[in-house]
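Note sheet for the following structure.
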Number of protein chains: 2
Amino acid sequence: MAFTYAFARPALTVDCVVFGFRDQQLVVLLIERGEQPFAGKWALPGGFVHDDETLDGAAERELVEEAGLRISYLEQLYTFGALDRDPRERVVTVAYVALVNPAQHELRASTDARRAAWFDVRERPALAFDHEAIVEQALERLRSKVRYRPIGFGLLDDTFTLTELQKLYEVIVGRALDKRNFRKKILKLGLIVPTDQKERGVPRRAARFFTFDRGRYDALTESGFDLELI
Amino acid sequence: MAFTYAFARPALTVDCVVFGFRDQQLVVLLIERGEQPFAGKWALPGGFVHDDETLDGAAERELVEEAGLRISYLEQLYTFGALDRDPRERVVTVAYVALVNPAQHELRASTDARRAAWFDVRERPALAFDHEAIVEQALERLRSKVRYRPIGFGLLDDTFTLTELQKLYEVIVGRALDKRNFRKKILKLGLIVPTDQKERGVPRRAARFFTFDRGRYDALTESGFDLELI
DNA sequence: ACAAAAGTGTTAGAATTACACCCATGA
DNA sequence: TCATGGGTGTAATTCTAACACTTTTGT
């Protein structure tokens with residue numbers, strides 16, 4: 001197929017900042033580029049938007065194609081349109097933030113054989129294009145969003161201990177939180193409920209597992225709530 | 001000029017939701033469409049992104065071309081990419097929110113002779129394309145942003161009374177605010193300072209004019225503040 | 001018995017909310 | 001002198017933040 005236009009129009013891509021939580025650290029998914037420009041450099045997963053798919057659809061497709069990921073949370077972040085952000089031609093990219101539990105997803109080799117890997121966000125390599133700026137903005141969004149929406153649960157297993165949840169929040173907001181205040185606040189919301197399961201085989205008092213109450217969350221969302229989580 | 005691509009790529013436009021404050025009401029700028037589709041319908045100002053301009057640049061250009069507006073505040077909102085949002089062909093649009101003081105800008109006739117006019121946001125006409133949804137999302141952004149960033153000042157004259165400022169906030173957040181509490185809170189921030197001017201010729205006690213202290217705002221912004229305005 | 005993290009309340013201080021009257025001005 | 005909105009303080013309540021010891025479990 002070839003299409004002809006009366007004037008130049010920018011190419012359109014999507015790029016995804018996929019965050020995970022592993023070994024008590026926030027990690028980000030990167031893809032090693034196989035071709036020029038920036039061959040051998042790490043970059044965000046993404047690619048061109050097809051003419052017959054939505055933006056969200058393109059983001060989901062790229063994540064499946066490039067890493068075999070099926071995502072639990074996907075949110076549009078910002079659209080980047082600097083003139084020189086791609087050295088080949090004008091490319092505008094719609095950036096997304098996605099959250100995933102790395103333990104539940106084996107990273108599959110990309111369909112075009114490029115490597116995909118998780119990196120600690122604080123020790124990530126230099127990135128291709130303007131992806132550095134995109135990751136920074138995604139971190140900002142994550143940090144501000146986590147304060148009033150319970151998005152963090154997408155990063156954890158279905159059941160989790162309160163300490164795990166607190167560590168996740170601490171990693172995202174970048175400071176230590178008070179254990180008792182954190183538990184009071186998070187439990188008062190009623191969004192997470194205790195199960196009757198406990199940790200097993202740990203050399204200490206076993207922690208109770210909790211689970212996210214999606215029904216209650218949906219009910220709250222209806223009535224236009226204001227969370228103020230931490 | 002004609003450009004040929006190996007595969008279809010969506011067309012890219014910008015659309016602007018321009019808010020103003022007039023007669024104690026929040027108003028939005030609309031343009032009457034001259035051509036199909038939606039000829040005669042009102043729509044958001046906007047148009048195609050040229051290959052040699054940034055997204056912000058395209059938004060600014062369209063506002064000048066279509067309404068003669070030079071804007072004080074412009075912020076990217078969201079990118080809309082539903083497949084059928086334009087009946088002619090696939091068009092992805094990057095939406096912007098802009099704030100302007102209508103009293104300081106005479107609306108100029110559009111370069112292609114379409115009408116531009118302000119409408120009370122609550123009594124706006126039915127809009128072309130998916131512009132209804134874009135305006136709704138812009139209102140949400142305005143309402144949430146105004147709570148922690150002092151963006152409202154772009155909508156007022158350089159000097160304003162505290163009652164004018166309070167009315168503006170009330171219109172945006174959609175509820176009455178307590179006069180004493182509002183003044184305490186807004187003055188404690190130190191972002192607005194009294195002038196020695198007062199209203200003249202009003203049949204009541206004259207109100208003092210205040211002005212926004214941009215220097216202080218920039219200083220606060222540096223140190224990563226958290227406003228919590230109302 | 002020891003090491004290691006789980007679990008649990010109280011109190012002081014800060015912030016928020018509710019609330020009513022006198023004042024200045026022009027007509 | 002009257003009508004109109006401008007301007008001002010306090011007290012009750014709620015929310016936030018700081019803080020330490022006992023419990024459970026496996027080795």
Side-chain angles (χ1 to χ4, degrees), chain A residues 21 23-25 144 146-148 150 156-157 159-171 173-211 220 225-230, chain B residues 21 23-25 144 146-148 150 156-157 159-171 173-211 220 225-230:
Chain A
F21 184 59
D23 304 331
Q24 309 219 346
Q25 292 306 327
S144 70
V146 84
R147 296 172 61 92
Y148 63 97
L156 296 171
D157 290 336
T159 65
F160 45 83
T161 68
L162 292 182
T163 300
E164 285 167 354
L165 185 62
Q166 182 178 343
K167 287 276 181 277
L168 169 60
Y169 271 79
E170 289 179 338
V171 163
V173 302
R175 65 189 163 90
L177 301 173
D178 180 89
K179 181 162 65 162
R180 280 173 289 189
N181 292 340
F182 178 80
R183 286 168 185 235
K184 257 181 294 180
K185 203 154 190 175
I186 211 90
L187 289 175
K188 193 166 49 157
L189 293 170
L191 291 176
I192 68 171
V193 291
T195 68
D196 49 7
Q197 305 288 99
K198 288 185 174 185
E199 289 180 314
R200 299 175 58 102
V202 289
R204 56 162 189 267
R205 178 170 176 178
R208 178 175 295 277
F209 285 120
F210 287 76
T211 190
L220 273 178
F225 66 130
D226 214 17
L227 272 181
E228 195 70 35
L229 282 167
I230 44 175
Chain B
F21 184 58
D23 304 330
Q24 309 220 347
Q25 293 305 328
S144 72
V146 83
R147 297 173 60 92
Y148 63 97
L156 297 171
D157 290 336
T159 65
F160 46 83
T161 68
L162 292 182
T163 300
E164 285 167 354
L165 186 62
Q166 183 178 342
K167 288 274 182 277
L168 169 60
Y169 272 80
E170 288 179 339
V171 162
V173 302
R175 66 189 162 91
L177 302 172
D178 180 90
K179 182 161 65 160
R180 279 174 291 193
N181 293 339
F182 178 79
R183 285 167 185 235
K184 257 181 294 181
K185 202 153 190 176
I186 212 88
L187 288 174
K188 193 166 50 157
L189 293 170
L191 291 176
I192 67 170
V193 291
T195 68
D196 50 6
Q197 305 288 98
K198 287 185 174 187
E199 289 180 313
R200 299 175 58 103
V202 289
R204 58 165 188 265
R205 178 169 176 178
R208 178 175 295 277
F209 285 118
F210 288 77
T211 190
L220 274 177
F225 65 131
D226 215 16
L227 271 181
E228 196 70 37
L229 282 166
I230 44 175

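In the text below, chain A, chain B and the rest are named by the order of the sequence lines, each starting its count at 1. Just so it is clear, the structure is predicted and the values come from calculations on it, not from any experiment.
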Practice item. Taking the side chain as every heavy atom from C-beta outward, state whether Val171(B) and Phe21(B) have any pair of such atoms under 4.5 Å apart. Key: yes

Point to revise | Near-strand residues of residues 192-201 of chain B, defined as heavy-atom separation under 4.0 angstrom from DNA chain C | key: none

Review point. At under 4.0 Å between heavy atoms, what does Lys179(B) touch on the DNA or RNA strands: base, sugar-phosphate, or nothing?
Key: base

Exercise for review: Starting from P on dA20(C), measure out to CG on Asp178(B) and report it in whole angstrom.
Suggested key: 11 Å

Review point. Can you tell me how far CZ of Arg183(B) sits from CG of Asp178(B), rounded to the nearest 0.5 angstrom?
Key: 10.5 Å

Review point. Between dT16(C) atom P and Leu177(B) atom CG, what is the distance in whole Å?
Key: 14 Å

Exercise for review: Determine whether Tyr169(B) and Leu177(B) make a side-chain contact, defined as any pair of heavy atoms from C-beta on separated by less than 4.5 Å.
Suggested key: yes

Check your understanding: Do the side-chain N or O atoms of Thr163(A) get closer than 4.0 angstrom to the phosphate oxygens (OP1, OP2) of dA5(C)?
Key -> no

Point to revise | Rounded distance in Å - CZ (Arg180(B)) to P (dG5(D)) | key: 18 Å

Check your understanding: Of Ala206(B) and Asn181(A), whose closest DNA chain C nucleotide lies nearer the 5' terminus?
Key -> Asn181(A)

Revision key, fill the gap. Of all heavy-atom pairs linking Glu199(A) and Phe209(A), the shortest is N-CE1, 3.7 Å

**Study point:** Phe210(A) CZ to dA6(C) C1', straight-line distance once rounded to whole Å
**Key:** 10 Å

Exercise for review: Let me know, please, whether Pro203(A) or Lys184(A) comes out on the 5' side of the other along DNA chain C by nearest nucleotide.
Suggested key: Pro203(A)

Check your understanding: At under 4.0 Å between heavy atoms, what does Thr161(B) touch on the DNA or RNA strands: base, sugar-phosphate, or nothing?
Key -> nothing

Revision key, fill the gap. Here the distance between atom C1' of dT8(D) and atom CG of Leu162(B), to the nearest Å, is 12 Å

Revision key, fill the gap. To the nearest angstrom, the CZ-C1' distance between Phe182(A) and dC19(D) comes to 18 Å

Point to revise | N or O in side chain of Arg183(A) less than 4.0 angstrom from dG7(C) OP1/OP2 | key: yes

Review point. With nearest nucleotides of DNA chain D determined for Arg204(B) and Leu187(B) from heavy-atom distances, which residue corresponds to the more 5′ nucleotide?
Key: Arg204(B)

Point to revise | Along DNA chain D (nearest heavy atom to each residue), the more 5'-positioned of Lys185(A) and Ala207(B) | key: Ala207(B)

Review point. Can you tell if the side chain of Leu168(B) reaches within under 4.5 Å of the side chain of Val146(B), non-hydrogen atoms only?
Key: no

Point to revise | Nearest non-hydrogen partners of Ile192(A) and Phe160(A), listed with the distance | key: CG2-CZ, 4.1 Å

Practice item. Over all heavy atoms of both residues, which pair between Arg205(A) and Val202(A) is shortest? Give the atoms and the distance, please. Key: O-CG2, 4.4 Å

